[in-house]
J.: 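Dumping the structure here so I can ask a few things about it.
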Amino acid sequence: MFSRFRRRRINPVLRDLLQETHLSVNDLIYPLFARSGSGIKTEVSSMPGVFQMSIDEIVKECSTLKTLGIYSVILFGIPDTKDSVGSDAMCEHGIIAQTIRAIKSAHPEMFVVTDLCFCEYTDHGHCGVLDPVLETVDNDITLDNLAKQALIHAKAGADMIAPSGMMDGMMGAIRRGLDEGGFVNLPIMSYSTKFASAYYGPFRDVAESSPSFGDRRSYQMNPANREEAIAESVADEREGADILMVKPALAYLDIIRDVKNHTHLPLAVYNVSGEYAMLKAAAKAGVIDYERVMMETMIAFKRAGADIIITYHAKEVAEVLQK
Ligand code: PBG
Ligand code: ZN
């Protein structure tokens, strides 16, 4: 009888020997949301287990992360005041600059990545400075501000910058700004292929960053476009990105594979808020085996071509991996 495939699946040790794709705690980056105050740890209803935290709580959280073997975080800020340009993001006393300094002084071995964008800091909630005529983000003025924001993060001690605004020429402008400021060794992980996705809904509750009018379709990508998705990441590779990204992840596994095949840089994927919220809701409804579905989702990202996974599940995944 034919038993070409099944004879390799009978023994569990052989199954492990033949496993093609692997997941490790070293693949994970954990997102953190910083706000001012002390002793603040507020859960967001749409994302159970995800908190807005004051800086002291974030420093404590980093100790927990280390015990789980997680050494990389990506920071998002909720400023006290917002204005038309997002000044808090370009100020050395802004929420992110303070958070970086606090983490790096308490936990120097922690690898601190910063999300570089303006939507959390502008009163209109868009990802840059508005052009009053076009009623959308002015690309080139925003590029100058992104370079300023990058330098603020760099000077505060960030280990990697992750621009997420989808402005044209963003990679090149930030790289030049960092190089001129003396930060030639600071890597950039570009949100190179980022779609205008409804899966970001819960994030905007946590980060308080919903646009006050319109949407982000004049700068983020149309979910229907494959060729453009590849071209966006190829452009950022050419402009000097160190790591590329596809975001969201779960509904875009084909794009992850395409970008992996057409570029030669490490690839991150962002397992976004809506993907996380869906698993949590399904678990609460008792309709899935949460832990197994979560691990299967993580391995799917790796199999599709991801090298790095940014995920709100990071702590839970690390716990499973430790078993
Ligand atoms: C900021 C940013 C967003 C996310 C990461 N960086 C929101 C957006 O583009 O609206 C989404 C992350 C998530 O949904 O988990 N530009
Ligand atoms: Zn933004």
Side-chain angles (χ1 to χ4, degrees), residues 28-34 44 46-52 73-79 82 84-86 88-90 95-96 113-130 136-139 141-143 145-146 149-150 153 160-168 170 174 188-223 232 245-252 268-281 297 301 308-314:
L28 307 173
I29 301 180
Y30 188 59
L32 291 171
F33 297 89
V44 179
S46 51
M47 293 181 77
V50 175
F51 301 84
Q52 294 183 345
V73 293
I74 182 163
L75 301 182
F76 297 92
I78 302 137
K82 305 192 185 212
S84 63
V85 293
D88 188 90
M90 294 181 281
I95 182 68
I96 287 298
V113 185
T114 56
D115 181 88
L116 198 81
C117 202
F118 286 101
C119 46
E120 296 126 70
Y121 307 95
T122 51
D123 49 17
H124 47 74
H126 280 284
C127 299
V129 178
L130 292 183
T136 179
V137 176
D138 182 306
N139 196 80
I141 298 176
T142 301
L143 291 185
N145 287 356
L146 284 167
Q149 191 186 9
H153 294 184
M160 184 156 77
I161 307 289
S164 68
M166 289 294 281
M167 295 301 123
D168 281 351
M170 159 179 105
I174 295 167
I188 301 176
M189 174 168 74
S190 178
Y191 285 68
S192 48
T193 296
K194 176 172 174 179
F195 293 92
S197 173
Y199 283 95
Y200 307 151
F203 172 93
R204 293 178 189 168
D205 296 340
V206 189
E208 300 179 9
S209 63
S210 293
S212 61
F213 66 91
D215 55 40
R216 304 208 200 290
R217 279 185 281 195
S218 70
Y219 38 104
Q220 298 179 350
M221 273 198 59
N222 182 342
E232 278 276 11
M245 194 193 301
V246 173
K247 177 187 172 198
L250 197 46
Y252 297 85
V269 300
Y270 202 134
N271 174 216
V272 300
S273 57
E275 301 169 25
Y276 174 85
M278 287 196 305
L279 287 206
K280 284 289 178 195
T297 304
F301 298 148
I308 295 170
I309 303 169
I310 304 168
T311 180
Y312 306 99
H313 294 292

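Ligands are counted one by one from 1 in listed order, and the atoms in each one are counted from 1 as well. Along the sequence shown, the residues carry numbers beginning at 1.
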J.: So which heavy atom on P31 is nearest to which on T311, and how close?
T.: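 Nearest heavy atoms, P31 then T311: CD-O, 3.4 Å.
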
J.: Looking only at protein heavy atoms, which one is nearest to atom 15 (O) of ligand 1, and how far off is it?
T.: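 For atom 15 (O) of ligand 1, the nearest protein heavy atom comes out as Y312 OH, 2.6 Å.
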
J.: Decide whether an N or O pair under 3.5 Å exists between Q220 and ligand 1.
T.: yes

J.: Less than 4.5 Å apart, side chain to side chain, heavy atoms only: is that true for L32 and F51?
T.: no

J.: Which ligand 1 atoms are under 4.0 Å away from a heavy-atom of R216?
T.: 8 (C), 9 (O), 10 (O)

J.: Considering only heavy atoms, does Y276 approach ligand 1 within less than 4.0 Å through its side chain, its backbone, both, or neither?
T.: neither

J.: Just wondering, is there an N, O or S atom on H126 that's nearer than 2.8 Å to the Zn ion (ligand 2)?
T.: no

J.: Identify whether NZ of Lys or CZ of Arg in K194 sits under 6.0 Å from the centre of the six-membered ring of Y270 and within 45° of that ring's axis.
T.: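 No, K194 and Y270 do not form such a contact.
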
J.: Side chains of I310 and M245: closer than 4.5 Å at any heavy-atom pair?
T.: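 Answer yes - side chains close enough.
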
J.: Could you please compute the angle at the Zn ion (ligand 2) from SG of C117 to SG of C119, rounded to 10°?
T.: 120°

J.: Looking at F76, which atoms of ligand 1 are within less than 4.0 Å of one of its heavy atoms?
T.: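 With F76 as reference, the close atoms of ligand 1 come out as 5 (C), 6 (N).
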
J.: Would H313 and Y276 count as a ring-ring contact (aromatic ring centres under 6.0 Å, His included) if you check the C-alpha gap in whole Å, the side-chain angles of each, and the deciding distance to 0.1 Å?
T.: CA-CA 7 Å; H313 294 292; Y276 174 85; 4.7 Å; yes

J.: Numbering the atoms of ligand 1 from 1, which are under 4.0 Å from a heavy atom of C119?
T.: 1 (C), 16 (N)

J.: Taking the side chain as everything from C-beta on, heavy atoms only, tell me whether V44 gets closer than 4.5 Å to F33.
T.: no

J.: Which heavy atom of the protein is the closest neighbour of atom 2 (C) of ligand 1, given with residue, atom name and distance?
T.: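 Here the closest protein heavy atom is K194 NZ, 3.4 Å.
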
J.: Decide yes or no for Y312 and K280: does some side-chain heavy atom of the first lie under 4.5 Å from some side-chain heavy atom of the second?
T.: no

J.: Return the closest protein heavy atom for atom 14 (O) of ligand 1 as residue, atom name and distance.
T.: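 Residue, atom and distance for the closest contact: S273 OG, 2.7 Å.
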
J.: Could you identify the single nearest non-hydrogen protein atom to atom 4 (C) of ligand 1 and state the distance to 0.1 Å?
T.: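 Protein heavy atom at minimum distance: K247 NZ, 2.5 Å.
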
J.: Indicate yes or no for a side-chain donor-acceptor contact from E120 to the backbone of G77 under 3.5 Å, with no hydrogens or angles considered.
T.: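 Flag set: sc E120 to bb G77 pair under 3.5 Å.
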
